[in-house]
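Some notes on the structure that comes next.
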Protein chains: 2
Amino acid sequence: MRKKLTQRQLEILNFIEEFVEEYNYPPTYRQIGEKFNIASTFGVKRHIDALVKKGYLTTESNSSRSIAVKGQKRNGDCKENSTVSIPLIGRVAAGYPVLAEENIEGQFNIDSALLNNNTNLFGLKVRGDSMINSGIFDGDLVIVKSQNYCNNGDIIVALVEDESTLKRYVKKGRKTFLMPENPDFEPIDVTKNKNFHIVGKVIAVYRSFN
Amino acid sequence: MRKKLTQRQLEILNFIEEFVEEYNYPPTYRQIGEKFNIASTFGVKRHIDALVKKGYLTTESNSSRSIAVKGQKRNGDCKENSTVSIPLIGRVAAGYPVLAEENIEGQFNIDSALLNNNTNLFGLKVRGDSMINSGIFDGDLVIVKSQNYCNNGDIIVALVEDESTLKRYVKKGRKTFLMPENPDFEPIDVTKNKNFHIVGKVIAVYRSFN
DNA sequence: TGACAAAGTGTACAAAAGTTCACTATATTT
DNA sequence: AAATATAGTGAACTTTTGTACACTTTGTCA
């Protein structure tokens, strides 16, 4: 295990990484000093020496711009084999297969390790707040496994009266409900509803904060 | 279309790329000359100038080791379908760079379209319920942009008293708080806390339902 | 309180690295 | 054969950059 860094050393290490990222070559001592308002190159040098001693950097003595970050991963391998491409569905319309070409608005890639070996997936933008207590918000992207059955307790995409909806599928005694996870919404009893169809099971949510 | 290169220019361009690959910083004119038995740095310089003129390199005048190969940004690797590889961090420890090799427990791919052009990202498994009202649950995967600053209202990963925490960064008047999004937790006043550091800003959450 | 470590200053200096110029050599083209 | 582009030499010079030292400041900890 490498030694701990001081706050200053951490900041400087960060700066060097960012600098290299941007320019493809490392900064000079003076450039580092400029960034942190360290007037003397000696002050900078001591930080660099400390970082070298602790094993985070390497330098070549008397050589300009020879700072190199140790143990930096080149983004070399991208194991593309493990990436899956998923269609993004615009809307779930009654009477059409979800994955019909007309419905596909795009395609996105995601690591299969995040999908628990599921197949037949599609992405869907969430509309509405009915599932906020499950951490599914308006605008989120849900990843859905296309299937016409599900287990008690699954969160599903369903068609009820030709309207698509996102709810939790719950069996209580002899009745079946689509339960919202938001006190402002009412459960939907679909026990005897002939116009109720399961479209798929939600296996993941993705939300990006702008 | 860029201009054709002479044999010599091609060799030198290749050498520069190899050198950078090996040392993480570019060679000096003298180092290039040494490699090709060019005794005069002027001979080397003319090749470099030609390569710059033809658009294959950039340099900073009067600046040492400032040769950068054009159109060879490191991130840009893995452009296949614009998928980005993100390191999965085991823990955020005080006094160590987050992205230190020791902390990287894995790597996962995700479509860059889902990341809003962010860079310097890492993934982190959430521990604790302090942000449930923002739809971030225990066990979720958050994607974090490594940065030491943030805006009012951002959800951030921070170190407070050497403990890592996930909170919303809020400025109220002259005070700064880390606000949980769970009534069971108390806000943390970090206004005068010297042992408070921003690690990064949460840009996305991913949760899979098993 | 006093010792110690981390951090910063200012100056000076030496080594490294980029710049310039006049000149030569060898192909290729006109 | 003359003109031109590419390539190389050697020396001199300027700027950049790393190194060194003595001294100050600040915070921590025993």
Side-chain angles (χ1 to χ4, degrees), chain A residues 2-16 19-20 23-68, chain B residues 2-16 19-20 23-69 94-97 148 161-162 192-197:
Chain A
R2 295 186 284 191
K3 277 194 182 172
K4 255 191 165 181
L5 299 179
T6 68
Q7 182 56 26
R8 207 57 166 157
Q9 289 162 4
L10 213 65
E11 284 170 15
I12 289 175
L13 179 58
N14 260 325
F15 171 69
I16 293 170
F19 191 103
V20 172
Y23 296 100
N24 280 318
Y25 51 82
T28 63
Y29 288 2
R30 279 167 184 83
Q31 286 174 322
I32 296 171
E34 213 169 304
K35 166 77 182 183
F36 293 98
N37 289 313
I38 302 173
S40 171
T41 53
F42 184 62
V44 176
K45 179 175 168 53
R46 217 177 8 208
H47 285 129
I48 301 300
D49 287 349
L51 282 161
V52 169
K53 200 171 177 186
K54 291 182 180 177
Y56 293 85
L57 296 177
T58 59
T59 55
E60 213 51 52
S61 67
N62 286 318
S63 189
S64 73
R65 291 189 202 270
S66 60
I67 299 171
Chain B
R2 296 187 284 194
K3 278 192 184 174
K4 250 192 165 180
L5 297 180
T6 68
Q7 181 57 28
R8 206 57 165 159
Q9 288 163 3
L10 204 68
E11 283 171 15
I12 289 176
L13 180 58
N14 265 326
F15 171 68
I16 292 170
F19 192 102
V20 172
Y23 295 100
N24 280 319
Y25 50 83
T28 64
Y29 289 0
R30 281 168 182 82
Q31 286 174 321
I32 296 170
E34 212 169 304
K35 166 77 181 185
F36 293 99
N37 290 314
I38 302 173
S40 171
T41 52
F42 183 60
V44 176
K45 180 175 167 52
R46 215 171 17 203
H47 285 128
I48 302 299
D49 287 348
L51 281 161
V52 169
K53 200 171 178 185
K54 291 183 180 176
Y56 292 84
L57 296 178
T58 59
T59 56
E60 214 48 55
S61 67
N62 284 319
S63 189
S64 74
R65 291 191 203 270
S66 61
I67 300 172
V69 180
Y96 294 94
N148 58 12
E161 313 295 348
D162 293 358
K192 291 175 187 167
N193 194 324
K194 286 217 161 185
N195 213 338
F196 159 67
H197 304 290

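Below, all heavy atoms of this structure are taken into account, side chains as well, without hydrogens, waters or symmetry copies.
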I need the [X] [atom1] to [Y] [atom2] distance, nearest 0.5 Å.
X	Y	atom1	atom2	result
B:E161	B:H197	CD	NE2	9.5 Å
A:L10	B:Y96	CG	OH	11.0 Å
A:L51	A:T6	CG	OG1	7.5 Å
B:I67	B:T28	CD1	OG1	8.0 Å
B:Y29	B:F42	OH	CZ	11.0 Å
B:D162	B:N195	CG	CG	5.0 Å

Any N/O pairs under 3.5 Å between the protein and nucleotides 26-30 of chain D? List them or say none.
none

Can you say whether the rings of B:F15 and B:F19 are parallel (under 30°), tilted (30 to 60°) or perpendicular (over 60°)? perpendicular
[X] [atom1] to [N] [atom2]: how many Å, rounded?
X	N	atom1	atom2	answer
A:I32	C:dA7	CD1	C1'	15 Å
B:D49	D:dA7	CG	P	13 Å
A:I38	C:dT9	CD1	P	7 Å
B:L57	C:dG18	CG	C1'	15 Å
B:K53	D:dT6	NZ	C1'	13 Å
B:I48	D:dG8	CD1	P	12 Å
A:L51	C:dA7	CG	C1'	13 Å

Within the structure shown, what part of the strands sits under 4.0 Å from [X] by heavy-atom distance: base, sugar-phosphate, or nothing?
X	value
A:R46	base
A:S61	sugar-phosphate
A:T59	nothing
A:S63	sugar-phosphate

[N] phosphate, OP1 or OP2, under 4.0 Å from [X] side-chain N/O:
X	N	result
A:K45	D:dG18	no
B:T28	C:dA16	no
B:Y29	C:dA16	no
B:S64	D:dT17	yes

Close side-chain approach of A:Y25 and B:E60, heavy atoms under 4.5 Å: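 Side chain of A:Y25 against side chain of B:E60, heavy atoms only: contact under 4.5 Å found.
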Looking at side-chain heavy atoms only, is the closest gap between B:I12 and B:I48 below 4.5 Å?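 Contact flag for B:I12/B:I48 side chains = yes.
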Pairing residues for B:R8 by the salt bridge (Lys or Arg N to Asp or Glu O under 4.0 Å) criterion, not counting sequence neighbours: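 So B:R8 forms a salt bridge (Lys or Arg N to Asp or Glu O under 4.0 Å) with B:E11.
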B:S66: what forms a side chain to side chain donor-acceptor pair (under 3.5 Å) with it, not counting sequence neighbours?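 Here no residue qualifies.
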Think A:R2 forms a cation-pi with A:Y56, using NZ or CZ under 6.0 Å from the six-ring centre and within 45 degrees of its axis?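 Yes, a cation-pi geometry holds between A:R2 and A:Y56.
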Shortest non-hydrogen contact between B:P97 and A:L13, atoms and distance: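 Shortest heavy-atom contact: CG-CD2, 3.5 Å.
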Give me, pair by pair, the N or O atoms of the protein and of nucleotides 10-12 of chain D that are less than 3.5 Å apart, along with how far apart they are.
from	atom 1	to	atom 2	distance (Å)
D:dG10	N7	B:S40	OG	3.0
D:dG10	O6	B:S40	OG	3.1

Side chain of A:R65, heavy atoms from C-beta onward: which of D:dG8, D:dT17, C:dA16 has the nearest atom to it?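 Nucleotide nearest to A:R65's side chain: D:dT17.
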Atom NZ of A:K35 with >12 non-hydrogen neighbours under 6.0 angstrom: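 Not more than 12 within 6.0 Å, no.
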Please assess B:V52 against B:T58 for the test side chain to side chain contact (heavy atoms under 4.5 Å, CB included), listing each intermediate value before the final yes or no. CA-CA 5 Å; B:V52 169; B:T58 59; 5.9 Å; no
Taking N or O atoms only and anything under 3.5 Å, show me the protein contacts with nucleotides 3-6 of chain C, one pair per line.
none

When the axes are fitted on five pairs at both termini, how much does the helix from C:dT1-D:dA30 to C:dT30-D:dA1 curve, in 10° steps?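 Rounded to the nearest 10 degrees, the bend comes out at 30°.
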